[in-house]
Structure formats: C-alpha cells, structure tokens
Amino acid sequence: MDLRTIGVLGGGQLGRMLVEAASRLNINVIILDKPSDSPAKQIQATKSHVQGDFKDPNKIKELAQKVDILTIEIEHVNVDILETLSKEKKEKIVICPSPTTIRLIQDKYVQKLHLFNNNIPVVDFIEINAKDDLNLVSEKFGYPMMLKSKTLAYDGRGNYVLHSSEEIEKALKFLGNFKTPLYAERWISFIKELAVMVVRRMNGEVKSYPVVETIHKENICHMVIAPAQVNGLILENAKIIAEKSISTLSGAGVFGVEMFLMSDGHIYVNEIAPRPHNSGHYTIEACETSQYENHLRSILNIPLGSTMLKVQATAMINILGKSEDFQECLKPCAESLSIPGTTIHLYGKKECRKGRKMGHITVVADSISQLFKRINPILRIIDENDSSIPYSTIQPLVGIIMGSDSDLPTMKACAEILKSFEIPFELTIVSAHRTPHRMVEYAKNAHKRGMKVIIAGAGGAAHLPGMVAALTPLPVIGVPVKGKTLDGLDSLYSIVQMPRGIPVATVAINNSTNAGLLAVRQLGAFIPSYLEKMQIFMDNQENEVLAKVDKLDSIMRFKNDTPISELEKVATEIENAGGKITGKTTITGKVLMYTINSDTITTFANNDHIEEVEDDGIVTIQK
C-alpha cells in the first residue's frame, strides 16, 4: 500500500492495535519499547524492532534511522530529541504529531492555558507553586476543588479531589509534594463526560468520529457508549468544539478530545490526547474506518476513511485487572462469548494488577435498547452492583406531539405501543396555533436531535401534522382526534388533504395505536430488531384470532331442537372464551346474534356444525 516505514514510540495496547491496522495495509511498522515481547511487538514478531526506553534519546535516534515517519502511542516521550530530529536538514524525518504539540500536551497546565488563550471553553484553573497558594485558591474556588499534577498524569494518576483545608497535607503527599508541579481546577458538577476522536491529515483534511459518552470508575475509563445519548444539537456543538480545539495544534494524526457536559448544555474541554485513545477503541468494529487505520492514513498523507458508524449503537467495556489473578479479570470475556455482537480484544500483557488495562470488549447492536440488554450480563460479571448505564437518558427515536393535553387520552395508546416495543420516545404538547414558534423550533430541530419519526395528534382544524411535515425532513404520522363536533371528520379531512410535496401519513380517527405500529415499521426498515418484534406482534395477533376461531368451533354445535336457554349459555361461554363481547347480544327465534371486537357474528341454531369462519367475521352454519 505504501513503501514507507512507520516508527512508533511505545509498544502498548494502542501500538498493538495500530500494528494490526497496518498489517492489513502492508505498511511496515517498527516499535520502540523496552520489553522484547511488548503487546505491539507480539503482533509483528518477525520484524526487527528496537528494544529500549521510548524516552532514551539514543534509542529514538536508532529508530529514526530505520523509518520514514515517527509517531507516538503515548505522549510521555523525550520531546527534546524529537525537536532535534525535526530540524535536521539531512534526511529530515516526518514526526506526527509535531514535537511542539507533544510538548504542549505533556504539561496539562500549559495545555489548559493554550486552550484558554484560543477561546476554547475550559474550567477555571490556577497554578499552584506552594502550599500557601491552596488557601488563596480555596477563597476563589471553594471546596471541593481538583488538584492536579501538570505532567505524567493519566488514568487517574496525578489527580486529587480536595474537600477541605484539612486534606491539604494529605493531597500534597499523594501528589509527591511538588516533585511534579501542580495546578488547581474549579470543581464542576457535570452530568456526563463526552469524547470526540478527531483525525487530521498532513494536507489539512479533517474528519471527526461520533461523539461518545465515557463512563469512569476510580478515575479510569470503564465504558464508552456511542453515540452519546444526549440531544443531537449538543452532539453537534461538541464536535465543533473538538475540531476547533485541534485546529489550534500542529501536526497530523488522531487526537482524542475529552469534555464535560453541564446540565444547561454547556461544554468544557477537559484535556486532549495527541494519539489514538481509549474512547476510540469501539471504532474497530463499529465504524467504517477505525481510528488506528485513519491515524496511519493521516500521517502517510493518503485519503482519510469514513468515520461514520456502521451500526446504530455500540459500547466498549474495558477489562481492568482486579488483582494479580489473570483468570479473574477474564470472566467478563468468557461471559461475552455467548452474547451476539461482541468482540474480545486481549492485549497480551504478561502481568495483571489492579486497575491495569488488560483488554476490552466491543459490543455492537442495531438499537440502544438492544445494546443495553447485551452489555448488562457483562457488566454484572464485572460488578453485580454496576449502575453505570444511564437508562434514564436514552435519546428518543420517536416524538409524540399533540396540540393540547385534552388529546392525551387518545395519544396514550400510541405511547403504550412504543413502550411495548421498547422504542424510546418523548411525549409533549406542541400547538400549531397557540405556540407557533415552539412548533417551528421543534420541527426544524427534531432530526438534529436524533429523532426518526414524529407522530402528531390534532383535533378540529388539525394543522399540526401538516405544518410539522412542512418543516421537517422526518416522516410525520397524523392522528385525527375526535372533537365535540363533526366526530373527528374535520380533523381527518384536514390531515389527509395536504398539498403535493408535503406528505403526512394518516390513520383512522382516534386510532393512535396504528400510528405507533406504523412508526415501529418505519424504524424497522433500518433497525432489524424492531422488524423482528413487529413480525412477532403480527404472529401473536394471528394466533389470538385463530384461538378464538377454535374456541367458537368447539362450543357452537347445536341440534335442531336446541332451546333458547342453551343459546344464551353459549353467548356467555363466548364472552368468557373469546374476549369481551363488546356489542349487544340478542336471541330472536332460532338465530343467535352477537358482536365480538366490533365483528357481528350470526349463528343459525337449526344446524349442527360450523362450516367456516369468513374473513369478515361471519360464522356460517349449514346442514
């Protein structure tokens, strides 16, 4: 694919997955790391890798002599030698990302200052040079506050939550008593942690992966959910902020941008990783091009691959060591073997210890509901008390709107249908006449928020479905609601008489049940699990009807002299066996007439067997 050789500083799991992507493209990779059998070197055991510390300037020079491009899988490398190599005129080597960017990222305080100066939203922060500075900072930030090491801080290392002045001594001791410089951040109560992987090619081409939610435990990434279950408008804003952040840095490659989401929708950038990132592991199975392949493409300056999801939903679960017992940490992997859509990645590490990343499991699904069902057993193996899945924040696929709360009794059946199919939905009031601005905003932004279908109930003039359909690219289903006059015909006529180019699907008056079922079918066109559920629903309907037919066939056999009293008993049995008799039951002469579920059935008592049950619900008995 490309004859150039890539050198990687670091041979851990990120390097391992980078080598896996390179091997598929016939790209040569040489690893610099101390262990001869580091996770990355294991994948290309036949290559002549460099054995040594990726901070050792001599070893970095040795690697540079063997490759055309240098890149990193960890930012804690020797930047001085990289800067020297980048300035050498003779056989100048390409270094991605640039040494300047790596140096800036290494110091989190400098990184924060850089982002702040470039108008990127960050949490308030102050440099801490001495113990007394903390007392001054506490007056401004209050408690709690976050105390951080400027350098060598990752996976929870180098962070301390300071709750009071009494903890200052303990915090400073934990962070090394200024052996590494410190800074403080204002404590914020965020509702979610988000992340975006951004890839930039040598020629400046930029692409972003979907915004994901990262869930941490003990300051270590525990799980990633994609796409993040938040409002689509927030997702778009997060993507813009992430790309703007990377635009302030130099060099090509993949960058991980970590962010905090506040309850009011405000977003703060937490930090940036100048390399493939844990929050992007899911891209291997779930995206059209993985972060690792795109990192290679970007630094080789060849066209970037698509960053789109191939599935509707995915999750990545880190396999972390609980102790030195390797088999204990493999239990979630064993559980995942029987779960559809799972892929196990083990990193080939020889020693297990608490908190060490030993591997990960990626799970893909065709809906977020299916995803949560699939990952639940895995999470229970890791921790039976796990409550990390944010069930309450699943983003709706269907919007149920109505002009007034008086329409709720009619629209309730629609909500019950969607709930039975486990389809996330929202239900709210949007009036075309009383809240026209709200209607316009709702309709124009529904698809941006992640909605796929809108069901609009309206009575009287019933302009809501048509007006919404004129403003949104989504399919709209109109439900005519019966009013006090005209029996809902006015609503029906209003909804169906839409001009060409503004389609609105319409159901019978007050029949929001069918609106819900139609929405399920529309979603099923691209989400197979919903289509399967619809088929089961239809099969169950057929089986229920056939069961009633069988029951009627068994009890409705009469002799010529069957008395009226026996026919009355039959009517009672029908009510008990075939569902509720919703119409009037009358017996006149030798004829029994009754209604079940709005179908009138007539039985002649002077015959002795049922011949057939017709489609229209008429049971005919002949001699």
Pairs meeting criterion ring-ring contact (aromatic ring centres under 6.0 Å, His included) with involvement of residues 230-264, two or more places apart
Phe190-Phe260
If you count heavy atoms of other groups shown closer than 6.0 angstrom to [atom1] of [X], is the number above 12?
X: Met308; atom1: CE; result: no
X: Glu328; atom1: CD; result: yes
X: Glu127; atom1: CD; result: yes

[X] side-chain N/O to [Y] backbone N/O, donor-acceptor pair under 3.5 Å:
X: His295; Y: Gly253; result: no
X: Thr314; Y: Val363; result: yes
X: Asp366; Y: Ser529; result: yes
X: Lys41; Y: Gly12; result: no
X: Ser149; Y: Thr151; result: no
X: Asp56; Y: Asn58; result: yes
X: Glu193; Y: Thr214; result: no
X: Asp133; Y: Ile128; result: no
X: Arg200; Y: Ile246; result: yes
X: Asp107; Y: Val110; result: yes

If we ignore angles and hydrogens, is there a donor and acceptor under 3.5 Å between the side chains of [X] and [Y]?
X: Thr362; Y: Glu285; result: yes
X: His114; Y: Thr248; result: yes
X: Asn278; Y: His281; result: yes

For Arg16, enumerate each residue passing the salt bridge (Lys or Arg N to Asp or Glu O under 4.0 Å) test, keeping only those at least two apart in sequence or located in another chain.
none
Under a 4.0 Å threshold between the charged nitrogen and the carboxylate oxygen, would [Y] count as salt-bridged to [X]?
X: Lys112; Y: Glu185; result: yes
X: Asp383; Y: Lys217; result: yes
X: Lys310; Y: Glu288; result: no
X: Arg449; Y: Glu426; result: yes

Do His266 and Tyr268 have ring centroids that are under 6.0 Å from one another?
yes
Is there side-chain contact between Leu9 and Leu82, with at least one heavy-atom pair below 4.5 Å?
yes
Test item: Val199 and Val206 side chains (from C-beta on) under 4.5 Å apart, heavy atoms:
no
Please tabulate, for the side chains in residues 94-106, all donor-acceptor contacts under 3.5 angstrom to protein atoms that are two or more places apart in sequence or on a different chain.
from   : atom 1 : to     : atom 2 : distance (Å)
Ser98  : OG     : Thr101 : N      : 3.2
Ser98  : OG     : Thr101 : OG1    : 3.1
Ser98  : OG     : Ser250 : O      : 3.3
Ser98  : OG     : Ser250 : OG     : 2.5
Thr101 : OG1    : Ser250 : N      : 3.0
Thr101 : OG1    : Ser250 : O      : 2.6
Thr101 : OG1    : Ser250 : OG     : 3.2
Arg103 : NE     : Glu83  : OE2    : 3.2
Arg103 : NH2    : Asp80  : OD1    : 2.6
Arg103 : NH2    : Glu83  : OE1    : 3.0
Gln106 : NE2    : Glu75  : O      : 2.7
Gln106 : NE2    : Val77  : O      : 2.8

Given the ring of Tyr183, does Lys148 sit roughly above its face, with NZ or CZ under 6.0 Å from the centre of the six-membered ring and within 45° of the axis?
no
Tell me, which pairs form a side chain to side chain donor-acceptor pair (under 3.5 Å) where one or both residues lie in residues 330-339, sequence neighbours left out?
none
Let me have the donor-acceptor pairs involving side chains of residues 346-354, under 3.5 Å, with sequence neighbours excluded, atom names and distances please.
from   : atom 1 : to     : atom 2 : distance (Å)
Tyr347 : OH     : His360 : ND1    : 2.6
Lys349 : NZ     : Gln13  : OE1    : 2.9
Lys349 : NZ     : Lys357 : O      : 2.7

Shortest non-hydrogen contact from [X] to [Y]?
X: Ala286; Y: Val364; result: CB-CG1, 4.3 Å
X: Ile30; Y: Lys66; result: CD1-CB, 3.9 Å
X: Ile93; Y: Ala64; result: CD1-O, 3.7 Å

Sequence neighbours excluded and cut-off under 3.5 Å, please list the side-chain donor-acceptor pairs for residues 230-239, or say none.
from   : atom 1 : to     : atom 2 : distance (Å)
Asn231 : OD1    : Leu233 : N      : 2.7

